[in-house]
Visitor: 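Pasting in a structure now, in structure tokens, and then I'll have a few things to ask.
The analysis underlying the following values was restricted to heavy atoms, covering all of them including side chains, and did not include hydrogens, waters or symmetry mates.
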Amino acid sequence: MKPHVLVAVNGFTEKHMERIQQVVSGWATLEQMNEEAPEAVFREKIGRSQIVVGWPKAEWLAGSPVRLVQLGSVGYDAFLGSTTQDHASFTLCNASGVMSVAVAEHLIAMMFALTRRISQHIRDMHEHKWIRQFEYEEVFGSTACIVGVGDIGTEIARRLRALGVRTIGVRREIGELHPYMDEMYPSSRMNEALSQADHVILILPGNASTEKLFNYNMFASMKNGAYFYNLARGSIVDENVLYAALTSGRLKGAGLDVFEIEPLPEGSPLWELDNVIISPHAGGRSVKEFDRFCQLLLNNLMNYRDGKPFLNQVNYKRES
């Protein structure tokens, strides 16, 4: 029996689906469905599929014939600690690399908006005010600490180095020298790395080991007047401590794309801060996102067909 490929990605165009059909032709069947379909419909279709593409819930896969799940996201938090994982017989691949350029550019946009006071100028513009700010900063010659040196962290470092920024990377183990990092620190020395940075950029995965990792002690390790950016997961940051750091002056500003609760509640005090830029978990969005995702899927479909190793395979059992 031919394997069945279920694609639940509304962002794929007719052209994308035609490319997928060409790759599976002759060895697999293909079906596209609405990613917002009811759970019962999803479960029924998953129950007769070997390959699932999109954002299926982990519990929907229990007892299914699925052998490969290609996620449309970099994060796979929902699969960590799931009851499904202990008995899972499927390979899980994420979309690492698909959104790296977009997130890196989003970060750079936030950095310039904060240091050049663009947010304040936009507010003034709406009130027809011609007011120069007291201070305008340059990123040239500053130091950025990138916490999490994967594909996204690498793309961020590549751009910062081109802007004349000194880059410090933090990851679990240093390993080999990094081409875009001036220095590398292991996670055990994160506080030391943070203390040197004018800009602290958070690009870590969300899991049990990183939950509220950025607490009072972490923020206390930072320079007075540093900028903080979170484009990773809201669960990694204690938002009460972050708010206190932003209102006390310890942090000069923040660019935030992710939050503990999403959408960010209307009553969150973060909305009221003039030194904060908020975006709705949109850092990875791009007009090129689904082209890259489609290419990744095509490569993994061919790898499935040919019995080759998958791209972006994640060991979600180990990380839980």
Visitor: Under a 3.5 Å cutoff, is there a donor and acceptor pairing between the side chains of N207 and E211?
Guide: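 Side-chain D/A pair, N207 to E211: absent.
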
Visitor: Are R161 and Y180 close enough that a side-chain donor and a side-chain acceptor fall under 3.5 Å?
Guide: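 No, no side-chain donor-acceptor pair sits under 3.5 Å.
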
Visitor: Decide if atom CD of E262 counts as having more than 12 heavy atoms of other residues, nucleotides or ligands within a radius under 6.0 Å.
Guide: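 Yes, because the 6.0 Å sphere around CD of E262 holds more than 12 heavy atoms from other groups.
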
Visitor: So if I apply the ring pair (Phe, Tyr, Trp, His ring centres under 6.0 Å) rule between W60 and each of F79, F42, W55, which one comes out positive?
Guide: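 Between W60 and the candidates, ring pair (Phe, Tyr, Trp, His ring centres under 6.0 Å) is satisfied uniquely by F42.
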
Visitor: So E36 and N10, do their side chains get closer than 4.5 Å, heavy atoms only?
Guide: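 When only atoms from C-beta onward are counted, E36 and N10 do touch, with a gap below 4.5 Å.
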
Visitor: Would you please test E138 and R116 for salt bridge (Lys or Arg N to Asp or Glu O under 4.0 Å) and show each step?
Guide: CA-CA 8 Å; E138 297 181 4; R116 302 303 302 172; 5.6 Å; no

Visitor: May I have the step-by-step check of side chain to side chain donor-acceptor pair (under 3.5 Å) for Q196 and Y185, ending in yes or no?
Guide: CA-CA 12 Å; Q196 303 176 53; Y185 285 80; 2.8 Å; yes

Visitor: Check R305 against V23 and note the closest heavy-atom contact, atom names and distance.
Guide: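 Looking at all heavy atoms of both residues, the shortest contact is NH1-O, 4.0 Å.
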
Visitor: Side chains of T154 and H178: do they bring a donor and an acceptor to under 3.5 Å?
Guide: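 Checked: T154/H178 side chains pair up, N/O donor to acceptor below 3.5 Å.
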
Visitor: Is a side-chain donor-acceptor pair under 3.5 Å present for R123 with Q120?
Guide: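 Yes, R123 and Q120 have a side-chain donor paired with an acceptor closer than 3.5 Å.
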
Visitor: State, to 0.1 Å, how close C145 and V170 come at their nearest heavy-atom pair, and which atoms those are.
Guide: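 In terms of heavy atoms, the two residues are closest at SG-CG2, 3.8 Å.
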
Visitor: Within the side chain of S49, is there an N or O that forms a donor-acceptor pair under 3.5 Å with the backbone of I51?
Guide: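 Looks like no, no N/O pair under 3.5 Å.
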
Visitor: Just wondering, more than 12 heavy atoms not from E14 lying within 6.0 Å of its CD?
Guide: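 Count not over threshold, so no.
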
Visitor: Please check this pair: side chain of S142 against backbone of V165, looking for a donor-acceptor N/O pair closer than 3.5 Å.
Guide: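 Not at all, since once roles are kept as given, no pair shorter than 3.5 Å links the two residues.
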
Visitor: Evaluate H121 against Y136 for ring pair (Phe, Tyr, Trp, His ring centres under 6.0 Å), listing each step before the verdict.
Guide: CA-CA 12 Å; H121 285 311; Y136 294 89; 5.7 Å; yes

Visitor: Looking only at side chains, do Q295 and N299 share a donor and an acceptor under 3.5 Å apart?
Guide: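 Their side chains do contain a donor-acceptor pair, which is all the 3.5 Å distance test asks for.
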
Visitor: Please determine whether the number of non-hydrogen atoms from other residues, nucleotides or ligands lying under 6.0 Å from atom NZ of K212 exceeds 12.
Guide: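 For K212, atom NZ is crowded (more than 12 foreign heavy atoms under 6.0 Å).
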
Visitor: I'd like to know if the side chain of R171 reaches the main chain of I174, judged simply by a donor and an acceptor atom lying under 3.5 Å from each other, with no hydrogens or angles considered.
Guide: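 Yes.
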
Visitor: For S25 and Q22, indicate whether the former's side chain and the latter's backbone hold a donor-acceptor pair under 3.5 Å.
Guide: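 No; zero donor-acceptor contacts below 3.5 Å.
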
Visitor: Side chains of N94 and S96: any donor to acceptor distance under 3.5 Å?
Guide: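 Note: S96 and N94 side chains miss the donor-acceptor criterion.
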
Visitor: How far apart are the closest heavy atoms of D238 and N215, and which atoms are they?
Guide: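 So the minimum-distance heavy-atom pair works out to CB-CA, 4.4 Å.
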
Visitor: Does the side chain of Q70 pick up a donor-acceptor pair with the side chain of Y304 at under 3.5 Å?
Guide: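 Short answer, no.
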
Visitor: Return yes if a side-chain donor-acceptor contact under 3.5 Å exists between R67 and S89, otherwise no.
Guide: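 Short answer, yes.
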
Visitor: Under a 3.5 Å cutoff, is there a donor and acceptor pairing between the side chains of N217 and N191?
Guide: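 Short answer, no.
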
